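Okay, so here's the structure we're looking at.
So you know, we letter chains A, B, ... as the sequences are listed, proteins then strands, and number each from 1. It should be emphasised that the depicted structure is a prediction, and the values quoted were computed from it without experimental measurement.
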Protein chains: 2
Amino acid sequence: MLDERKRKVLSAVVTDYIASAEPVGSRTIARKYDFGVSPATIRKEMADLEMLGYLEHIHTSSGRVPSSKGYRLYVDNLLPPQEMRLSDEDKKLIDSWYKAKVKRVDEVFKETARIISKVTNNVSLLLAPQMSQAAYRCLQFLPLDESRAIAVLMTDAGFVENRIIDIPDGASFDDLRRVAGVFNDECAGYAIDALHPQCLAKIRQDVGDESLYEAALDVINRSLEGEKKERLYLGGTTQMLAQPEFQDVEKVKETLIMLEEEQLLKDILHAHRGEGLSVTIGSENKYDGVKDMSIITATYHLGGELLGTLAVMGPTRMEYGKAISMLNYMNDHIAEIIKQFRW
Amino acid sequence: MLDERKRKVLSAVVTDYIASAEPVGSRTIARKYDFGVSPATIRKEMADLEMLGYLEHIHTSSGRVPSSKGYRLYVDNLLPPQEMRLSDEDKKLIDSWYKAKVKRVDEVFKETARIISKVTNNVSLLLAPQMSQAAYRCLQFLPLDESRAIAVLMTDAGFVENRIIDIPDGASFDDLRRVAGVFNDECAGYAIDALHPQCLAKIRQDVGDESLYEAALDVINRSLEGEKKERLYLGGTTQMLAQPEFQDVEKVKETLIMLEEEQLLKDILHAHRGEGLSVTIGSENKYDGVKDMSIITATYHLGGELLGTLAVMGPTRMEYGKAISMLNYMNDHIAEIIKQFRW
DNA sequence: TGTTAGCACTCCTTTTTGTTGAGTGCTAAT
DNA sequence: ATTAGCACTCAACAAAAAGGAGTGCTAACA
């Protein structure tokens, strides 16, 4: 471990660089952060820190910049504790934002993403729960016309999915209703994925009619198809692009293109599923497009059950403290809000 | 009207500039487009065209660029007719894209926007129908638990909206069902906006119970609240940013910010509502953020009823022919696809 | 009379060259 | 161990110079 002064110097460099986005020199450190020593001494310390891999030089002359390793030490050991908590005012503000905007479950996610990006000035990512992980609640049919009906499928997590189906030849709407009853009796409360192995045989038997059974199963499967993919909510792209690291058109375009690769983003979030709060810094990323970005993820739960993932993504020069505290707070908060939409 | 040769020159300038994005000089025109005359002659013609306001000079020396007026003449009179039609291959390709992706109504819009931007390399905008303009079709309640139910509201255009409601004290689920029946008998087929003045009194009377009546009306109003705002689908932003007009970071950011102003975009599309196909070029735009953009809009209908608006937005240097033909095609096509989701 | 070659001129673009300044690294003195 | 002093590096900026595409005009030509 580094000695006290080296840590102070590293901390100062990181802090200053995060604030200014300019490589920071020994003079600045010595002046702004009251070390009782001269720039030359700081210089020595910085040279050491560079040797150890915590700082980097673009070229001789011109200040130092933290390396990923440097940020890592900073995040793990040097982050001022008071920066890890959100102020009460912030919390109130966030609450009021929610109250004003959120009317449906999916709006929770949208608004959460918006809030996170607004506060952190970086991109926020939100992976919303997979329906197939939620518990099946209820299948219902509504009459539409002689030959069609609307199937409505509900899950524990508050999602309702509907689609129009053709009533199989020879069957009546009442038949559909009966089938729904059978499914509901047998499956209520099970994770939808678990339908298949479990009780299909019994249901088939109870339904009796083969084509009706198939039709109902088809509805469930198709509804799932649309919902199975987790939904990714993205927010704050333009805000992030205002950061000084995006001076260069190529870089901007590159980043925008990266942010459109939904699968990549999902993969990244998946990689940290269930880890609680996780910080991945710059070159620590294994995906190419994000090696100069840092990603902070947090997985949110509801009653012990894994629900989804929140994340902040931005340049490695990022206000880690703020991002972490924000995610921590939202992580708890979102579960509470979703709870209001459960039944 | 310009004489034959002037028009040929203007057409050549526009064509070349659209293709190359570089100011075009007399030499280029004379060489590439076989006029039988020397650059000097072309030069004279270009000077005339500039005098008349069809071309512009950034500074002396360095070729000409079409003005908005120049593009206008080009679009109105000089556009090669064969560029106004999509090839059969393109059509087949588009069809297959739809088939592969679209499963729900809202996916029609999303996919349409994607396709338009993909083909035109510009931003596409799609204003999806307001629910309140659609006809009310059916209101249904589903039992949830002792004290709650799910309300499902359907419209003619294929939208289904659902939300959870509390069953009013003292009422049963069967009461709700009865109320739904009353509403359905009275209102089916009317535009939802027209509910209020029309038959509310009669419904109130039929329902009898005041609190139940209020509850049902509340459901309808709240469902509408979410749906009332037209939805704007946006596609192809990054593709457009690959165009050479976006070399400058400021310009990129500016444009991205403009594209996030949903209200502005909606206003722009609204301005051309019902106009069929409309082309607005650069300075013809009255909104500040888009004075160097061209916008082509088309309003799509379904059985005479106005549904929504499609648009392509991009730099004034745009392949107008392609964009127009694309919009024309999609305009017809989208109605057909939506039809499949109607009942 | 319309067309064209020739030429001077403009002004953007690119390259070159010089200047400045922040910052380092080393050394010798404290 | 610390620091003042100094030579050195290199990006960033600016000014100057060279290059080039293209125009506008004029005078000659068919």
Side-chain angles (χ1 to χ4, degrees), chain A residues 2-10 12-14 16-17 19-67 70 244-245 247-249 251, chain B residues 2-10 12-17 19-67 70 244-245 247-249:
Chain A
L2 302 174
D3 69 52
E4 175 66 17
R5 195 170 65 189
K6 279 200 176 41
R7 276 185 286 143
K8 265 191 75 183
V9 171
L10 177 57
V13 172
V14 174
D16 205 76
Y17 184 61
S20 71
E22 298 289 334
V24 13
S26 52
R27 164 184 290 269
T28 316
I29 296 294
R31 210 190 316 116
K32 279 214 274 193
Y33 305 81
D34 49 322
F35 292 83
V37 298
S38 79
T41 310
I42 301 291
R43 215 136 62 215
K44 280 243 159 69
E45 296 287 31
M46 287 168 94
D48 289 352
L49 284 168
E50 183 169 358
M51 206 76 77
L52 293 165
Y54 295 105
L55 296 179
E56 280 171 358
H57 244 181
I58 312 295
H59 49 85
T60 178
S61 123
S62 200
R64 259 95 171 187
V65 159
S67 66
E245 3 282 295
Q247 296 281 339
D248 169 40
V249 204
K251 170 93 180 184
Chain B
L2 302 174
D3 68 52
E4 174 67 17
R5 194 169 68 188
K6 278 199 177 40
R7 276 185 287 143
K8 264 192 76 181
V9 170
L10 177 57
V13 172
V14 175
T15 307
D16 204 76
Y17 184 61
S20 71
E22 296 290 333
V24 11
S26 53
R27 165 184 287 269
T28 316
I29 296 295
R31 209 189 318 116
K32 279 214 274 191
Y33 304 81
D34 47 324
F35 292 83
V37 298
S38 79
T41 310
I42 301 291
R43 216 135 62 214
K44 281 240 159 72
E45 296 287 32
M46 286 168 96
D48 289 353
L49 285 168
E50 185 170 357
M51 206 77 75
L52 294 166
Y54 296 105
L55 295 180
E56 280 169 359
H57 245 179
I58 312 295
H59 53 276
T60 177
S61 125
S62 200
R64 259 95 173 188
V65 159
S67 66
E245 3 281 295
Q247 296 282 338
D248 169 40
V249 204

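- If you take CD of Q247(B) and C1' of dC12(C), they are 16 Å apart, rounded to a whole angstrom.
- One atom, CD1 of I58(A), and another, P of dA12(D), lie 10 Å apart when rounded to the nearest Å.
- To the nearest angstrom, P of dG5(D) lies 12 Å from CZ of R43(A).
- Distance from the side chain of S26(B) is smallest for dT23(D) among the nucleotides dG22(D), dT23(D), dG24(D).
- Between I29(B) atom CD1 and dG22(D) atom C1' there is a gap of 13 Å when expressed in whole angstrom units.
- If T60(B) and K44(B) are placed on DNA chain D by their nearest nucleotide, the residue sitting closer to the 5' end is T60(B).
- Using a 4.5 Å heavy-atom cutoff, the side chains of L2(A) and L49(A) are in contact.
- Side-chain N/O atoms of S62(B) include none lying less than 4.0 angstrom from OP1 or OP2 on dT23(D).
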TODO: Could you check R5(A) against V37(A) for side-chain contact (heavy atoms from CB on, under 4.5 Å), going step by step and ending with a plain yes or no?
DONE: CA-CA 11 Å; R5(A) 195 170 65 189; V37(A) 298; 3.8 Å; yes
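- The side chain of R64(B) contributes an N or O atom lying less than 4.0 Å from OP1 or OP2 of dG24(D).
- Counting to the nearest Å, the P atom of dA11(D) and the NE2 atom of H59(A) are 5 Å from each other.
- Side-chain atoms of S61(A) come within donor-acceptor range of the base of dT9(D), with a qualifying N/O pair under 3.5 Å.
- The CG atom of L49(B) sits 12 Å away from the P atom of dG24(D) (whole-angstrom rounding).
- Of the listed residues (K6(B), R43(B), K44(B), R64(B)), just one forms a salt bridge (Lys or Arg N to Asp or Glu O under 4.0 Å) with E50(B), and that residue is R64(B).
- Straight-line distance from the CZ atom of R5(A) to the P atom of dT3(D): 8 Å, rounded to whole Å.
- Between H57(B) atom NE2 and dA21(D) atom P the separation is 16 Å, expressed in whole Å.
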